[in-house]
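Step one of this worksheet: look at the structure below.
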Amino acid sequence: MRISIASGKGGTGKTLVATSLALALSDRHHVQLLDCDVEEPNDHVFLRPEITGRETVTIPVPKVNEEKCTHCRKCAEVCAYNAIAVLGNRVLTFPQLCHGCGACSYLCPEKAITEVGHEIGTVEWGRFGGVAFVHGRLTVGEAMAPPVIRKVKERVNNYDIAIVDVPPGTSCPVVEAIKGSDFCILVTEPTPFGLNDLALAVETVQELAVPCGVVLNRAGIGDSRVVDYCSENSIPVLLTIPLDLEIARLYSRGIALVAGMPQWKSSFLELFDMVTELVVERNRSAKR
Amino acid sequence: MKEIVVLSGKGGTGKTSIVGALAALAQSKVLADCDVDAADLHLLLRPSEKMRTEFWSGKVARIDQDRCDECGLCQELCRFHAIRDFQVEEASCEGCGLCHHVCPTEAITMRENMAGHWFISGTRYGPLVHARLGIAQENSGKLVAVVRQQARKVAEEQALDYVISDGPPGIGCPVISSLSGASLALLVTEPTLSGMHDLDRVLGVCRHFGVPATVCINKYDINEENTRQTEEQCSRQAVDVVARIPFDNAVTESIVRGVPIVEYSDGRVTREIVTMWRRISGASEGSSPA
Ligand code: SF4
Ligand code: SF4
């Protein structure tokens, strides 16, 4: 079972839900927590896992052998991202723009291009208690998050429950992280910003045909429009977490909610049971 | 013309509320919403759309089934695993065109992709350039670049002093696109352990691209010890902390009403933001901050 935790907008409590759900489940199940928010990974702050392994993420970028190159410009013509240019009798490459597609090296008529690894991030893994932990980190100054996310997701094993912390937004990194999930939990808050971004997130998961439900965080502030939206669109509200100074303080100190307030554990277990039920139901109706 | 981009690392730190407040405070400016994935600024500024333009960007491969011999070369070469059973999975296609170039029967064409829209609108506070990226689209960085470019153009045409932009979350492609070449990055952070981690990374990006940064600690009173540490973190990197804004429910109330906080309340949050703007506008005009 793979559950992703997303939100259109950052800072709604995605990290809180991902870490607490993983910790709550870890007594009874094998759980993996994969932090795919590689631009700003934060789950480790709350888990403080012991890191036991590390891998650098590279993408293959072109390296031109000047002796073989005839400056025919083929490489520059085929590159869709302007990552390689021929200026007079020099070929310039721009690794930050390169997607590592391999078109230039494959299509160079002189076989003048080989590929070298360009580091764009790292993936680390380890353990905290019963939680197997993986996260990725985009190198500062690099632009391309999806390859790092793909590397994190390669470590999903299909035996355990996998919880995937998704980056904020609705574009390519989000899609990359959610793809392959059985269910997506959308975390939001009851404000007009929360509603606007929730509606975008719902569209995104629907595009990917992943079923979703909502966790409403900081309930008590704002207005009732998020709840109205959910009931109008038949999106289940799976859990409500109130605006509470104590919860905010724990969060600010980097303490997971179920670690600081163990009474919350049963709520997260119920959340998991609800998600399981929804997934089973959906699979059953899909088979019919 | 000065270009100020407001960033926050993770998002959800109050960035958009602060941009909304600056919209009401700054005299001569154009606003730009560079958070093209999940734009929220319009909820405070209530723009009326004046111009809408399609954003065409990137390409997607399409296989003509009548021409395809099912040789499988495209599938083998595609590094994004976007071709399965001689069909293109559009969400995975990065539009590199390798398949198009190698297909021996020329069955693959590259089709332009309409990835969203951008708008120029009018608001009570001046012009706003904003955009809407289509769901699950790529190239948000390019759309951010278009929004900035258009905002600058408006500023030049109307001889405005500032471009104030609401930046995207994270540190990746859209952030780099919103930041490079700006006059100042205003980083809005929260005194949480995770906020401090995020701040470090955004400061790193600012340094990497040579953009001067200044920090605003929002909700500083939810953890004063962390606020102190954030201030130390900043002073170690020779970055100014221009404001410490207290937590106040009035901020959320103002969002619910759809007005900038400075027009909703004259409490401590508003006073602190007013002082912050004086400092920033003073500093960016060359005189030293008070
Ligand atoms: S395609 Fe090959 S030979 Fe032609 S310019 Fe590029 S590197 Fe040189
Ligand atoms: S690998 Fe692809 S993206 Fe990179 S330079 Fe070559 S053609 Fe361009």
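In what follows, chains are A, B, ... by sequence order, proteins preceding strands, each numbered from 1.
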Nearest atoms (heavy-atom pairs only) where [X] meets [Y]:
X	Y	answer
B:H197	A:V45	CD2-CG2, 3.5 Å
A:G100	B:R79	O-NH1, 3.0 Å
A:E39	B:I171	OE1-N, 2.7 Å
B:P191	A:S252	O-CB, 3.6 Å

How many angstroms lie between [atom1] in [X] and [atom2] in [Y], if you round to the nearest 0.5 Å?
X	Y	atom1	atom2	value
B:T16	A:F193	OG1	CZ	5.0 Å
A:D223	B:T252	CG	OG1	10.5 Å
A:L107	B:L98	CG	CG	6.0 Å
A:R150	B:F80	CZ	CZ	6.5 Å
B:L43	A:T191	CG	OG1	8.5 Å
A:R249	B:N223	CZ	CG	8.0 Å

>> Quick one, B:V256 with A:R225, criterion side-chain contact (heavy atoms from CB on, under 4.5 Å). Give me CA distance, side-chain angles, the key distance, then yes/no.
In response: CA-CA 10 Å; B:V256 171; A:R225 280 181 276 173; 4.3 Å; yes

>> Quick check against the 3.5 Å criterion: does B:R201 have a side-chain atom that pairs as donor or acceptor with the backbone of A:E40?
In response: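 Side chain of B:R201 to backbone of A:E40: no pair is present.
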
> Does B:N249 use its side chain to pair, donor to acceptor, with the backbone of A:I221 at less than 3.5 Å?
Replying inline: no

>> For chain A, which candidate among B:G204, B:G134, B:S194 shows the most heavy-atom pairs at distances under 4.5 Å?
In response: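 Result: the option with the highest number of such pairs is B:S194.
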
>> Looking only at heavy atoms and a cut-off of under 4.5 Å, which of B:I255, B:V175, B:D198, B:N226 has the most pairs with chain A?
In response: B:D198

Pick one of side chain, backbone, both or neither for [X], based on which atoms fall under 4.5 Å of a heavy atom in chain B.
X	value
A:E207	side chain
A:Y81	side chain
A:D37	side chain
A:R137	both
A:P167	neither
A:T15	side chain

Relative to chain B, which of [options] shows the most heavy atom pairs under 4.5 Å?
options	result
A:T170, A:V175, A:T204	A:T170
A:T12, A:L138, A:L245	A:L138
A:Q206, A:H44, A:Q96	A:H44
A:E142, A:M144, A:E189	A:E142
A:C101, A:A103, A:P147, A:G13	A:C101

>> Does any backbone or side-chain atom of B:H42 lie under 4.5 Å from a heavy atom of chain A? Answer side chain, backbone, both or neither.
In response: side chain

>> Counting only non-hydrogen atoms closer than 4.5 Å, does B:E94 touch chain A with its backbone (N, CA, C, O), its side chain (CB onward), both, or neither?
In response: both

State whether the number of non-hydrogen atoms from other residues, nucleotides or ligands found under 6.0 Å of [X] atom [atom1] is greater than 12.
X	atom1	value
B:R257	CZ	no
A:K153	NZ	yes
B:E106	CD	no
B:R111	CZ	yes

>> Are B:R132 and A:L200 packed together at the side-chain level, in the sense that at least one heavy-atom pair is separated by less than 4.5 angstrom?
In response: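 Side chain of B:R132 against side chain of A:L200, heavy atoms only: contact under 4.5 Å found.
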
